[in-house]
Amino acid sequence: MRNAYLFLALFFSQQAMAESVNTLLKKYELLAKQENAAFVGFAADKGERFFHAERLHSDGKNVSCATCHTADPRKPGKTRANKVIEAMAISVNPQRFSDEAKVEKWFGRNCKDVLERACTAQEKGDFIAYLLSIK
Amino acid sequence: MKKWLQFLVLITSISATSALLASGGFSDNSQQAMPAVANAKWKTECSGCHMLYHPGLLPERSWHKMMAGLDKHFGENASLDDASRDEIARFLALNSADKQDNRRSNRINQSIPAAATPLRISETRYFTSKHDEIAASTFKRKSIGSAANCVACHQAAEKGDFSESQIRIPR
């Protein structure tokens, strides 16, 4: 019986997490439509390319999201200061994208660190779609 | 008999000297260890990417400069919302090395020239003199990373405890 309760609790908390990811995606969708009238939706494959795309930073180094998060979002990454970054894939880490302020804080920092500009809502949505698609 | 007396004097002076050293010397009656400090914002935000540095490791002017340049924080963007930044800045200033009275903070502070505002603890003369026997290659070990990763060797560094008994250098 206790296991059943635990299962239910886990199930509903995961549901709640999934709910908040979807709410966030809806917000980015609204913003993406404002950015681009021809917006057609978010795509996991575009997010995947975005995640792995290397670019030459003005400091002379090649960087991508995967530089710190590793090429496999199911695995933990490492910051430049040697601290563990929890896995990005939502199937492995259901906490991901459940706190909008946190999400915006990290997009704000990391987009500037890697791309040297802010990310568009389209890019953010594609990125989340990719991380949602990983089983 | 005379030899016995000499021996006694020697032993007495050795133990008196070591007691004096252990208590922190003539001029300094302050505590050895940095005090426990706590601020939830500091803890969460400052330990997101790196180990949690005790405010007593740098003087107020260093923390002030650090918090004013978070968009270029050692080459990374560590921007915070204004309210969080201000709260953490106040906390760091209040507990900084020049606002503390413990032996380690005092010595760090005294090792920094008045005209200097270091951002790296590892650039202070206190740090370099304390680590002069550690090879550069040791700091570069995968298990350590760099001199900024205190906690790799100083097990209790995040509590501000850098005592000798808490050191274990990983392979």
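Both backbone and side-chain heavy atoms feed into the values below; hydrogens, waters and symmetry mates do not.
- The closest side-chain donor-acceptor pair between B:Ser129 and B:Asp132, if any, does not fall under 3.5 angstrom.
- The part of B:Ser143 that comes within reach of chain A is its backbone (N, CA, C, O), which places non-hydrogen atoms under 4.5 angstrom from that chain.
- Here B:Ala78 is the residue among B:Gly75, B:Ala148, B:Ala78, B:Ala152 with the most heavy-atom pairs under 4.5 Å with chain A.
- In terms of heavy atoms, A:Ala71 sits closest to A:His52 at O-CE1, 2.9 Å.
- Note: B:His73 and B:His50 have tilted aromatic rings, judged against thresholds of 30 and 60 degrees for the angle between ring planes.
- Between A:His69 and A:Phe51, the ring planes are tilted. Angles from 30° to 60° get that label.
- Residue B:Leu70: no heavy atom, backbone or side chain, is found under 4.5 Å from chain A.
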